[in-house]
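Reminder, nothing fancy here: chain letters follow the sequence lines and each chain counts from 1.
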Amino acid sequence: MTDKIRVRFAPSPTGHLHIGGARTALFNWLYARHNNGTFILRIEDTDTTRSTDEYIEAIIEGMKWLGLDWDEGPFRQTDRFDVYRNYADQLIKEGRAYYCYCSPEELEARRKESMAQGKSLKYNGKCRDLKGPVPGIKPVVRFRMPVAGQTIVDDLIKGMVTFENEQLDDLIILRSDGTPTYNLTVVVDDVDMKITHVIRGDDHLNNTPKQIQLYNAFGYPVPKFAHLPMILGSDKARLSKRHGATSVMAYYDMGYLPEALVNYLVRLGWSYGDQEVFTRDELVKYFSFENVGKAAAVFNPEKLLWLNSQYIINSSTDKLAELVIPFLEKNGVIEKGQGMDMAWLSKAVGTLKERSKTMVELANSLRYYIAEDVEYNEKAKEKFLTEKSRDLLAALKEALTAVPEFSHHELEQVFKSVVETHGVKLKDLAQPVRVAMTGGTESPGIFEVLEVLGKEKTVTRLERAIKGI
RNA sequence: GGUCCCAUCGUCUAGUGGCCUAGGACGCUGGCCUCUCACGCCGGAAACACGGGUUCGAACCCCGUUGGGAUCACCA
C-alpha cells in the first residue's frame with residue numbers, strides 16, 4: 001500500500017481565476033482523481049496589501065464552474081501566521097536563519113550595481129555573521145543557504161535539473177513586520193498538509209532548489225515536483241490581458257461550456273495519441289505526466305471555439321435549453337423570471353445547436369423563435385421579399401391555413417404542391433419564407449423553423465411579409 | 001546580464017533509432033451533400049531551427065549555435 005497522493009492548488013487572491021491558474025488547478029485535480037488522491041485548495045494570501053476576499057470568492061466561483069471540486073480547504077495562510085513564525089524561530093535558534101538589517105534601498109542599490117557589472121543579483125551576505133542586533137532597525141529574517149554543492153530537482157516533467165548552491169540566494173522568510181513570505185509559507189504548508197506532489201507552473205522551477213533547502217533544514221522529505229510549461233499568447237509572450245480574455249468566468253460570459261474549456265486546457269500540453277475530444281471520465285482515466293509536454297504552448301482561441309461547438313452539438317437539447325435561459329435574459333429576448341415552455345424551447349434549441357458555436361450565438365438565434373416579431377435584414381428583404389415571391393407567399397399562406405398539423409412531413413407536402421403548381425424550385429419559395437420567418441437568409445431547415453414557430457406565428461409573419469412588399 | 005527551461009506544419013500535438021514519402025486536430029483551401037447557413041463527408045497546401053558528431057541507419061541520442069521563455073522582490 002503506497003501513501004495516498006495529496007496535491008494542492010494554491011492561488012494567490014490578487015486577481016480572478018485566470019486561464020493559466022485554471023490549467024494548474026486542472027492538472028492537480030486530474031492527478032488527484034486519477035490516483036484516488038486528495039485535492040486541497042489553499043489560498044496564499046500572505047500579501048495582505050494585494051489580496052482580497054472578493055478574489056477568493058471569484059477563484060472559488062471559477063473552480064466550481066469548471067467542476068474542479070476539492071477535498072480539503074479552502075485554507076487561508078493568513079489564518080496560520082503563528083505556525084510560520086514557529087518554524088522560522090526554530091531556524092533562527094538552529095542558526096539556519098539570521099536577522100538582516102540591510103534596508104530595501106541599500107539592497108536595491110547593490111542589485112543595480114551587480115546588474116551593471118554583469119554579475120548575479122543575489123544578496124551579498126553582509127548580515128550573515130553579524131554578532132548583535134543593529135539598534136533602531138526592524139530586521140528581516142533570512143534563510144542561510146548552503147554555499148557549496150548542488151541541489152537537484154527531480155521533476156516529473158522536466159527530468160533532473162541541477163542547480164549550483166552558490167547561485168542560491170539567502171531568501172527572506174520573515175519580513176521586517178514579522179509576516180512570513182511565500183517561500184517559507186509554501187514549504188511549511190506543504191509539509192504540514194502532507195503534500196506528496198507539487199504541481200505548478202514552471203515559473204516556479206527556479207524557486208524549487210531554495211525550497212528544497214528549506215525542506216532539508218526542517219528535516220522533512222522533499223515532495224515530488226511537476227512543473228507545467230507556461231501558456232503563451234499569440235506573440236509567444238506569457239498570456240496576459242493584452243491577449244484578450246484571461247479570466248475563466250469571462251469564458252462563461254462569452255458562452256463557453258466548462259467541459260469545452262477543460263478539454264481545451266488539458267490538451268494544451270497534454271495529449272493522448274490522436275484523441276481530441278474527451279469526456280471527463282476519460283480525462284481522469286488517461287491522465288499521466290508522461291504525456292505532458294515540456295514546451296510552452298500558445299493559446300489558440302479558434303480551436304477552443306471549435307471544441308465548444310462540438311460540446312454544444314453533443315449536449316442534450318434539454319440541458320442546452322436550461323443553460324441558455326440566463327443568456328436569453330441577458331440579451332433581452334425574455335424577461336428575468338419569465339416562465340418558459342421548456343419542452344418547446346428544447347425543440348427550438350435542437351434546430352440550432354449545430355449552428356451555434358457559443359451559448360451567446362444560440363441565444364441570439366433563438367430570438368426569431370421567441371420574439372413576437374422579426375426585424376428584417378435590409379439586404380435580405382430587398383432580395384427575397386419581391387413582387388415575384390408575393391404570389392408564392394400568398395399561395396403558401398392559403399395552403400398552410402388548411403393544414404391541421406404543423407409537422408415536418410405535412411409542411412413538406414404543402415411546400416411541394418405550392419412549388420409544383422407555380423412551376424418553381426423549392427429554393428424560390430424557401431428563401432422568401434425564411435426571410436419572412438427569421439428576418440435573414442440563414443436559418444435551420446425551413447420546415448423545422450415553421451414547425452417550431454407554429455401555425456399562428458407563421459401565418460402572421462407571412463401576412464406581414466406580403467403586406468410589406 | 002547570471003541562472004534555469006524549451007525547440008516537429010501558422011497553432012495544439014503524435015512520434016521514445018529502422019514502421020516517417022513525418023500522422024491527427026484547429027485554422028486556411030478545393031469539392032460533395034443541400035431550401036439558406038451550419039453539421040457531416042472526400043481532397044489539398046503546410047513542419048522535424050541550424051551545424052557538427054555517435055550509428056549500418058537519426059525528428060528521435062550527444063555537443064555547439066541560433067531563437068524563444070522563465071526567474072533573479074520585505075509578490076506569489
Side-chain angles (χ1 to χ4, degrees), chain A residues 10-14 44-47 49-51 77 100 102-104 107-108 111 114-123 138-142 153 155 157-159 161-164 167-169 171-177 179 181-183 185-186 200-209 227 229-230 232 234 236-238 264 267-277 291 293-307 309-310 313 352-357 365 380 384 412 415 419 425-431 433-435 438 440-447:
Chain A
S12 135
T14 53
E44 308 219 323
D45 55 351
T46 54
D47 182 357
T49 58
R50 294 198 304 148
S51 300
Q77 292 189 320
C100 171
C102 299
S103 70
L107 293 170
E108 184 55 38
R111 266 197 294 274
S114 300
M115 181 72 115
Q117 292 176 352
K119 290 197 293 205
S120 115
L121 309 185
K122 70 177 260 194
Y123 175 64
K138 285 202 162 197
V140 299
V141 175
R142 283 185 188 271
V153 179
D155 194 272
I157 294 170
K158 308 279 185 184
V161 185
T162 305
F163 294 85
E164 296 297 329
Q167 299 288 342
L168 270 27
D169 210 352
L171 34 90
I172 292 172
I173 55 176
L174 246 40
R175 301 185 183 97
S176 53
D177 66 359
T179 58
T181 60
Y182 165 75
N183 280 294
T185 60
V186 249
R200 76 232 296 197
D202 71 10
D203 49 336
H204 286 283
L205 188 54
N206 287 314
N207 278 326
T208 308
H227 285 99
M230 299 274 91
L232 276 24
S234 52
K236 304 253 182 186
R238 192 182 177 147
Y264 179 71
R267 278 287 287 106
L268 219 48
W270 176 83
S271 61
Y272 188 76
D274 283 340
Q275 191 170 342
E276 294 287 350
V277 183
N291 302 316
K294 299 176 173 194
V298 175
F299 187 85
N300 180 207
E302 276 84 34
K303 188 155 182 181
L304 205 210
L305 190 61
W306 171 76
L307 260 174
S309 72
Q310 293 299 304
I313 287 171
L352 252 19
K353 69 174 184 173
E354 63 191 26
R355 52 205 106 216
S356 306
K357 290 187 191 299
S365 299
F384 293 106
E412 194 168 351
F415 270 67
V419 161
K425 298 231 163 101
L426 178 55
K427 66 158 114 180
D428 298 322
L429 176 60
Q431 278 304 75
V433 175
R434 177 166 282 116
V435 176
T438 71
T441 55
E442 302 160 13
S443 86
I446 196 64
F447 309 128

| note | Quick tally for nucleotides 3-16 of chain B: nucleotides whose base has a protein heavy atom under 4.0 Å get B, sugar-phosphate-only ones S, the rest -, giving SSSSS---SBSS--
| message | Across nucleotides 33-50 of chain B, 5' to 3', mark each nucleotide with B, S or - according to how protein heavy atoms within less than 4.0 Å reach it. | response | --BBBBSS----------
Set of residues satisfying side chain to side chain contact (heavy atoms under 4.5 Å, CB included) with respect to [X], sequence neighbours excluded:
X: A:Ser176; result: A:Lys138, A:Val140
X: A:Ser234; result: A:His243
X: A:Glu354; result: A:Ile313

In whole Å, measure the gap between the [atom1] atoms of [N] and [M] for me.
N: B:A7; M: B:G64; atom1: C1'; value: 15 Å
N: B:C42; M: B:C33; atom1: C1'; value: 11 Å
N: B:A22; M: B:U16; atom1: P; value: 16 Å
N: B:G2; M: B:U21; atom1: P; value: 42 Å
N: B:C4; M: B:U8; atom1: C1'; value: 24 Å
N: B:C9; M: B:G53; atom1: P; value: 25 Å
N: B:C72; M: B:A25; atom1: C1'; value: 39 Å

| query | A:Arg142 pairs by side chain to side chain contact (heavy atoms under 4.5 Å, CB included) with which of A:Ile172, A:Leu174, A:Ile173? | reply | A:Ile172
| Does the B:A76 base have a donor-acceptor partner in the side chain of A:Asp45 within less than 3.5 Å? | no
| remark: Residues passing the ring-ring contact (aromatic ring centres under 6.0 Å, His included) test with A:Tyr182, sequence neighbours excluded, are A:His204
| request: Tell me what A:Arg238 touches on the nucleic acid: a base, only sugar-phosphate, or nothing, going by heavy atoms under 4.0 Å. | output: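 Counting heavy atoms under 4.0 Å across all strands, the contact made by A:Arg238 is with sugar-phosphate only.
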| query | Nearest-Å distance, CG (A:Asn183) to C1' (B:C72)? | reply |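 In whole Å, B:C72 C1' and A:Asn183 CG are 12 Å from each other.
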